[in-house]
Amino acid sequence: MARHLITSAIPYINGIKHLGNLVGSQLPADLYARYLRARGHEVLFLCATDEHGTPAELAAAKAGKPVAEYCTEMHAVQAEIAKGFALSFDHFGRSSSPQNHALTQAFAARLAEQGLIREVVEQQMYSVADGRFLPDRYIEGTCPNCGFDSARGDQCDNCTKQLDPVDLINPRSTVSGSTDLELRETKHLYLRQSQMKQRLSDWIESKDDWPVLTTSIAKKWLNDGDGLQDRGITRDLKWGVPAQFDGAPWEGMEGKVFYVWFDAPIEYIACAQEWAEGTGADWERWWRTDKGADDVTYTQFMGKDNVPFHTLGFPVTILGSNQPWKLVDYIKSFNYLNYDGGQFSTSRGRGVFMDQALELLPADYWRWWLLSHAPESADAEFTWENFQQSANKDLADVLGNLVSRVTKFCRSKFGEAVPEGGTWGAAEEALIAELESRLHAYEGYMEAMEVRKASIELRSLWVAGNEYLQAAAPWTVVKTDPEQAAAVIRLALNLIRIYAVVSKPFIPGAAASMMTGMKTGDWSWPTDLRAALTALPVGHAFEVPEVLFRKITDDERAEWQERFAGTRA
RNA sequence: GGCGAGGUAGCUCAGCUGGUUAGAGCACACGACUCAUAAUCGUGGGGUCGGGGGUUCAAGUCCCCCCCUCGCCA
């Protein structure tokens, strides 16, 4: 039994995430956490909302609410949706927690002690009317390059040229529309990442078992151009962790907060503190290598856009502190999921969002499709045809129907209890051999976080049951040799329990239904398959479960396709 | 423009350090079965592995050039 710390990239607070966000971090992290728990390992699985920054402030203003209140509400919404998808977080925290405030300030102070913070005075755009400094992308104006009149301060959406806000002609605030903008001096703290370049580089180079997606992105940032750059870790904002605090080793940072990319990863640790406070558990044995965390395996899940912060920024914080914090052991990253020939788009309402998905179908449908099509080697694409075909074929026909045909046949011929009689022969031995081989492959892929391949093996396990049943043909055998038919069905009923156990990480809802139908709470992993196939003894009562997965009709598919197409630009 | 990832059957994808007739699922065709959610099982057709050169006894798998897609950066 090992100890595994698992974190999913923390979703931003402003709004509900789409299926692409889900499959890029939370869902595969949940799959892994559930699998490791099922194998008897000790798991701490953490996620949280990322709440600070300008977008949250503006979203709150738009909703007409104080930002703290807005975040509290949205956190509850996201937590509820996560529950709907059966995401098994041990704690779903908040980056705005007191724990994270304290820890973020402590890290900043410590990094300063280690000589890794420097102060920089720079010029930033200030909007007099809004009474605030504005991030580059919240300033619009006419592009000096192509004349496009809605170019953003960081980049022109029309000609894609990278811009500086001061380059814009007739710049205005996108918050208020005001043109009363001026450059003002402001002081910020910079994290001296460049000092850590060699240590990071050595560390990344040593990780030859990481996904190439992870290491290639990390190496690019380390070596591109002038190499790893220092980054500002403060902003002129109100909503966030104050950069000026008691014991701060700098002055004059009043009215400024730490930038989200600095405090958000620290929430991984603070989240464990939140969890400990709520449960009385010990968080240090997960995060402090001097307090027992040296035997923890720490795995992070994220979309590729988050890789730089997890391979460079956060490790600078951890390593730079020169304190015994647990450093990540494995970073599993994902490409993007596209939607029907384009990208998911929040602003255009294009694609399916997490709350909408749950209104259409139970979580298992989405979990299965998303995980079995996870964008591991390249970007993947969601289409309704593919979703309908996969769900109907894999879940309804192959698995659901198997459960149905076995339990209903037994009920009609032997009653709703595991029947007696008959013996195993060559067919059963062949099945056991097949199952053992498939199960070992499945376990290997799950341990390696090869999500798609694991799903293929799981499906193969289901198919093996149908093959066996088809060949054994108990509906024929029962006419001449009822006892032998009973032996076949006895095995098949036990197979249902085994499927429930091994399928649970992917489809926890259906797994629970199968287990309930078999009237047992025996979730033990079928390490010994032969024994597992007799776990439900002769005479054990069961009941025919409700249809596990109804099919998605062509009409539904067409309707949904239309409904989620969004407003094309 | 630079960098990275891809371009393998109609569709979605496997193919490790080069080595017998290039694989799987879906879709399609035919057959079997009739317990089951018109479900299941079997068989089969279908690919000059983006294009062109080269290395090698042997290349989807290595090298060079080109084309296309996606992403990151300038």
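First the proteins, then the strands, lettered A, B, ... as listed; each starts at 1. In what follows, every heavy atom counts, from backbone to side chain, and hydrogens, waters and symmetry copies are set aside.
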Only one of A:Q195, A:M196, A:R192 passes side chain to side chain contact (heavy atoms under 4.5 Å, CB included) with A:V316, and that residue is A:M196
A:E467 side chain, from C-beta outward: closest of B:A39, B:C41, B:G71: B:C41
When rounded to whole Å, the CG to C1' distance for the pair A:D394 and B:U12 reads 11 Å
For atom P, what is the distance between B:C62 and B:A27, given to the nearest Å? 34 Å
Counter-base of B:U43, judged by Watson-Crick or G-U geometry with both distances under 3.5 Å: B:A29
Under a 4.0 Å N-O cut-off, is there an ion pair linking A:R530 with A:E436? no
ring-ring contact (aromatic ring centres under 6.0 Å, His included) with A:Y365: of A:W560, A:F506, A:F549, only one passes, and it is A:F549
When A:W366 is tested against each of A:F85, A:F353, A:F387 for ring-ring contact (aromatic ring centres under 6.0 Å, His included), which residue passes? A:F387
Which part of the nucleic acid, if any, lies within contact of A:L548, taking any heavy atom under 4.0 Å across all strands shown: a base, the sugar-phosphate backbone alone, or nothing? base
To the nearest Å, give me how far apart OH (A:Y468) and P (B:C35) are. 18 Å
Taking any strand in view, what nucleotide pairs with B:G4 in a Watson-Crick or G-U wobble way, both distances under 3.5 Å? B:C70
Length of the line joining A:N335:CG and B:C72:P, which is rounded to integer Å: 11 Å
Output yes when A:E556 and A:K551 qualify as a salt bridge under the 4.0 Å nitrogen-oxygen rule, no when they do not. no
B:G18 pairs with, by Watson-Crick or G-U criteria that keep both distances under 3.5 Å: none
At under 4.0 Å between heavy atoms, what does A:K453 touch on the DNA or RNA strands: base, sugar-phosphate, or nothing? sugar-phosphate
side-chain N/O A:R459 vs B:C26 OP1/OP2, d < 4.0 Å: yes
With C1' as the reference atom in both, quote the distance from B:A39 to B:C33 in angstrom, rounded to an integer. 12 Å
Whole-Å distance between B:U34 C1' and A:L402 CG? 16 Å
If you measure from the C1' atom in B:G25 to the same atom in B:U61, how many Å do you get, rounded? 23 Å
Ignoring the backbone of A:K408, work out which of B:U12, B:A36, B:U40 is nearest its side chain. B:A36
Could you tell me how far apart A:L370 (CG) and B:U12 (P) are, to the nearest whole angstrom? 17 Å
Between B:A24 atom P and A:R438 atom CZ, what is the distance in whole Å? 11 Å
Under 4.0 Å, counting only non-hydrogen atoms across every strand here, what does A:V463 touch: a base, just sugar-phosphate, or nothing? sugar-phosphate
Got a sec: does the CD of A:E546 have more than 12 other heavy atoms crowding it under 6.0 Å? no
Does B:G23 have a Watson-Crick or wobble mate here (both distances under 3.5 Å), and if so which one? B:C13
With no angle test and no hydrogens, is the base of B:A36 tied to the side chain of A:N401 by a donor-acceptor pair under 3.5 Å? yes
Picking from B:U40, B:G71, B:U34, which would you name as closest to the side chain of A:R405? B:U40
Got a salt bridge between A:E434 and A:R438, using NZ or NE/NH1/NH2 to carboxylate O under 4.0 Å? yes
Of all the nucleotides listed (B:A36, B:G71, B:C26), which has the minimum atom distance to the side chain of A:K393? B:C26
How close or far is atom C1' of B:C13 from atom OH of A:Y445, stated in whole angstroms? 13 Å
Pick the C1' atom in B:C49 and in B:G31, then give their distance to the nearest Å. 32 Å
Please report the distance separating the C1' of B:G60 from the corresponding atom of B:U48, rounded so that it comes out in whole Å. 12 Å
Taking atom P in both B:U69 and B:C64, compute the distance separating them and give it to the nearest angstrom. 23 Å
Counting side-chain heavy atoms from CB outward, which of B:U40, B:G25, B:A36 is closest to A:Q470? B:U40
Taking CH2 from A:W368 and P from B:C26, how many angstroms apart are they, rounded to a whole number? 12 Å
When you compare B:G46 with B:C11, how far apart are their C1' atoms, in angstrom units rounded to a whole number? 13 Å
Distance, C1' atom - from B:U55 to B:G18, rounded to whole angstrom: 12 Å
Considering every strand shown, what is the Watson-Crick or G-U wobble mate of B:U55 when both distances are under 3.5 Å? none
Of all the choices, B:C33, B:U40, B:C13, which nucleotide is nearest to the side chain of A:W475 once you look at every atom? B:C33
